[in-house]
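So the structure is just underneath, and the comments pick up after that.
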Amino acid sequence: FGSVYVNGVKYDTSSSTITIDDNPGIESDLSVGMRVTVSGSLIDDSNGTATSISFNDDLEGPVSNIQPLPYDTTRTLTILGRQVVIDSTTTSFDISGTLPGPFDFDSIADDNLVEVSGFLDSNGVMKATRVELKATNFNHNGTIVEMKGTVENFNFPTFNLANTTGVTVDVTSAVIDNNLPGGIVDGAFVEVKGTCSSGTCTTVNASKVESGLEDFNDNDDVEVEGIVTSLTDQNNFEVNGIPVDASSATRIPASLNLVEDQEVEVEGTIVNGTLIATKVKDESNDLKIEATISSVTPANNSFELTPVSGQPAITVVIDKSTEVDDNVGSITNPDDLITGLNNGDFVSVEGYDGGSGTVAASEVERDAQDDVIIQGIITAGSTASGTVTILGVTIPFDGATEFEDANDQPFADADAFFTAIANGSGIGSTLVKVKDRADNNKNPAGIADEIEIELP
C-alpha cells in the first residue's frame, strides 16, 4: 500500500483522494482488475503521483445463463441482458465483506449478485477484468443494480440499451445528471442506476441516469486501456467510446495491425474530444509459455525460457504493468520480479508480441514444475517434417501426439490437423497451443503430447 500500478505506471497514493462508486473510499478498497480513472502527474514513464483515483463498476446485477465457450478457459454469462465473458486466466475474482467462499471461475453461479469491471467489445459483449460477489442470492426488493450502454428505442419513459436482451429501463422517477447535457436520446452512452421490478429484472426502474463516458477535458494528457471498436482504418478508431486519431502514433510492436475487438493501450492528448495518440500498444495477450527459465538479464528487464532442449530460447520482457503471482516464493510486484527469478524456475507467462522477437509479459506466475506449453501463431509445420514451429521454437510430434480443433474435438491424425489450418486462416495466422506433458507417460520430453488449434 502507498502505491498502485495502473497501465504500467506506479502511482504514489499517499495524498490521493479515493472514490468508490461515488462514495469516499480508502486504498484497501481497490483491487486488481478494477477499471479506474487516475488523475495526477507523471514523474517519468514508470512513476507518478495520483491526486485522485475513482472507481465505478461497469455492471452490477444477477447472474444468469452461464454457458461454456469452445475454449476451456472462458465462459459466458448474462447480467441485465448483457453478455459477459469471464476468463480463468485474466479475470480477477473477489468476495465482498465476510461472504463465505469460494468464489472463482469455477464456482460462480446463477442468481449470484455480482459487480463487474470490464470492457465492451464491438458487439456489446463485456470482457470482464474483475468480478466481485456481492450476495450469493439476488433479492430484487430495493437492491441497486447498475448498467452502461448506448440508448436505443427511447420513447418516454422507457428505452433499451444496445446489445442487451429482454431488459427495459423506465426513467419515470429518474434523476437526469447534468453531465448528460443532451438528455436521454438515442445514441447517448449512459450509466443507469436503479432497482429491478421483479426477480427476473426485465424492467429496471432507474433512480439516476448519467453519462457513461470518461470525463476528459481538452489538453488533458491521458492513457486509456480498452478494446478497439468502430474501426474506420488504422489511424481512426474508438477505445472505450473515445475517438482516437493515431496518424502520428508510435506503434508497439511496429508491425501492429489493428482489428476490431483488439485490446490496446493508447497514450496521447485530448483535442476537441478526440485522443490524439502518441503511442498505441498491443495488449491482446494471445501468447502463452509455460517453461523453465534458462537465463535472467536484470539490466534488460528480461529472462529467457527454453521449452525444448536444443531449440532457441524465447526472450520475455517485463515492465511495471506485468502482473505477478508467486506460488513458490514471496515476489509480489513487478519491481522485485526480475531480481527474484532464478535459472531453473518454472514460470507461466501470458503476453503479446513485444517486437524484435520478444514476448512482452502481461502476467508472470512462478509455480512448481508442470507441463511445458507454447501458444502462439504457427509459422511452419507439416506432416512430412513431423514438426510445428511457434515463437521460433520447433517442436517435433509423432504418432502418439493428440491433435484437437478449437472445440477440443480430436482430429483423426496430423494430416487432418494441417488440412483444417489450410482451410482456415492458414500457416502464419492460426493460433496454436502445444503441450509437452510433465509426466512423460505418452511421449518423452521434447516431443509434443498435444497440439490444439486455439483460434482458427
Side-chain angles (χ1 to χ4, degrees), residues 4 6 18-38 53-66 74-88 90-121 124-149 161 163-164 167 169 189-196 199-201 204-210 212-214 225-227 240:
V4 297
V6 180
I18 295 174
T19 305
I20 307 294
D21 287 326
D22 300 324
N23 296 308
I26 57 177
E27 191 176 86
S28 58
D29 294 326
L30 301 173
S31 297
V32 170
M34 283 182 168
R35 194 165 70 86
V36 298
T37 299
V38 178
I53 301 175
S54 62
F55 165 74
N56 279 288
D57 59 77
D58 296 293
L59 187 62
E60 183 170 346
V63 172
S64 64
N65 196 31
I66 299 176
T74 57
R75 60 184 55 165
T76 65
L77 48 92
T78 302
I79 301 173
L80 300 177
R82 174 81 65 194
Q83 189 178 44
V84 178
V85 175
I86 58 174
D87 189 301
S88 63
T90 60
T91 304
S92 297
F93 293 87
D94 285 319
I95 299 179
S96 179
T98 58
L99 289 174
F103 180 69
D104 53 25
F105 178 82
D106 294 314
S107 61
I108 189 170
D110 285 347
D111 206 40
N112 285 168
L113 174 64
V114 299
E115 173 187 273
V116 180
S117 272
F119 302 105
L120 291 176
D121 70 11
V125 176
M126 180 162 290
K127 307 295 181 66
T129 57
R130 177 180 180 270
V131 181
E132 179 180 345
L133 180 66
K134 308 290 284 188
T136 54
N137 294 291
F138 176 65
N139 182 355
H140 75 278
N141 291 317
T143 300
I144 298 296
V145 297
E146 302 181 27
M147 54 199 303
K148 291 180 181 179
L161 293 182
N163 302 115
T164 60
V167 177
V169 178
F189 190 82
V190 300
E191 179 179 6
V192 176
K193 297 181 180 180
T195 57
C196 294
T200 55
C201 279
V204 173
N205 296 314
S207 57
K208 185 177 183 179
V209 180
E210 59 187 327
L213 296 175
E214 303 285 356
E225 182 178 346
I227 293 175
N240 297 349

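Only this structure's heavy atoms are used, side chains among them; waters, hydrogens and symmetry mates stay out.
With contacts defined as side-chain heavy-atom distances shorter than 4.5 Å, the pair V204/M147 qualifies. Using a 4.5 Å heavy-atom cutoff, the side chains of F105 and R75 are in contact. Within the 4.5 Å cutoff, side-chain heavy atoms of I79 are placed close to those of V116. Looking only at side-chain heavy atoms (C-beta outward), V63 and T78 stay at 4.5 Å or farther from each other. In this structure, V125 and F119 have side chains that are not in contact, with every pair of non-hydrogen atoms separated by 4.5 Å or more. By the 4.5 Å heavy-atom criterion applied to side chains, D110 and I66 are counted as neighbours. Using a 4.5 Å heavy-atom cutoff, the side chains of R82 and L120 are in contact. F138 has its side chain within reach of C196: a pair of non-hydrogen atoms, C-beta onward, lies under 4.5 Å apart.
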Subject >> side-chain contact (heavy atoms from CB on, under 4.5 Å) evaluation trace for F55 with D29 >> reply: CA-CA 10 Å; F55 165 74; D29 294 326; over 6 Å; no
**OP:** Show the numbers, then the answer: is there a salt bridge (charged side-chain N to carboxylate O under 4.0 Å, His left out) between R35 and E225?
**Re:** CA-CA 9 Å; R35 194 165 70 86; E225 182 178 346; over 6 Å; no
**OP:** Given side-chain contact (heavy atoms from CB on, under 4.5 Å), test L80 with V145 step by step and report yes or no.
**Re:** CA-CA 9 Å; L80 300 177; V145 297; 4.0 Å; yes
Original post:
Would M126 and L59 count as a side-chain contact (heavy atoms from CB on, under 4.5 Å) if you check the C-alpha gap in whole Å, the side-chain angles of each, and the deciding distance to 0.1 Å?
Top reply: CA-CA 9 Å; M126 180 162 290; L59 187 62; 4.1 Å; yes
**OP:** Determine, stepwise, if the pair E146 / V192 fulfils side-chain contact (heavy atoms from CB on, under 4.5 Å).
**Re:** CA-CA 6 Å; E146 302 181 27; V192 176; over 6 Å; no
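A salt bridge links R130 with E115; the closest basic N to acidic carboxylate O contact falls under 4.0 Å. Look at D22 and K193 and you find a salt bridge, because one of the NZ, NE, NH1 or NH2 atoms lies within 4.0 Å of a carboxylate O, short of that distance.
We find the CG-OG distance between D104 and S88 to be 10.0 Å, quoted to the nearest 0.5 Å. In this structure, the separation between CZ on F93 and CD1 on I108 is 6.0 Å, given to the nearest 0.5 Å. With rounding to the nearest 0.5 Å, the separation of NZ in K127 from CG in D87 is 9.5 Å. The structure places CG of L113 at 7.5 Å from NZ of K134, a figure rounded to the nearest 0.5 Å. Note that OG1 of T143 is 9.0 Å distant from CD of E60, once rounded to the nearest 0.5 Å. D21 contributes atom CG, which lies 10.0 Å from atom OG of S54 (distance to the nearest 0.5 angstrom).
Between the N112 side chain and the T136 main chain, a donor and an acceptor come within less than 3.5 Å of each other. A donor-acceptor pair under 3.5 Å is formed between the side chain of T91 and the backbone N or O of A128. With hydrogens and angles ignored, the 3.5 Å screen pairs no side-chain donor or acceptor of D58 with any backbone N or O of S117.
Screening I86, V85, V114 for a side chain to side chain contact (heavy atoms under 4.5 Å, CB included) with L77, the sole residue that qualifies is I86. A side chain to side chain contact (heavy atoms under 4.5 Å, CB included) with I18 is found for exactly one of V36, V4, L30, I26, namely L30.
When all heavy atoms of N240 and L213 are compared, the closest pair comes out as O-CD2, 4.2 Å. For P102 against S107, the heavy-atom pair with the smallest separation is O-OG, 3.3 Å. A pairwise comparison of heavy atoms in K148 and D57 identifies CE-O, 3.6 Å as the closest pair. Nearest heavy atom pair, residue V169 against residue A206, reads CG1-CB, 4.0 Å.
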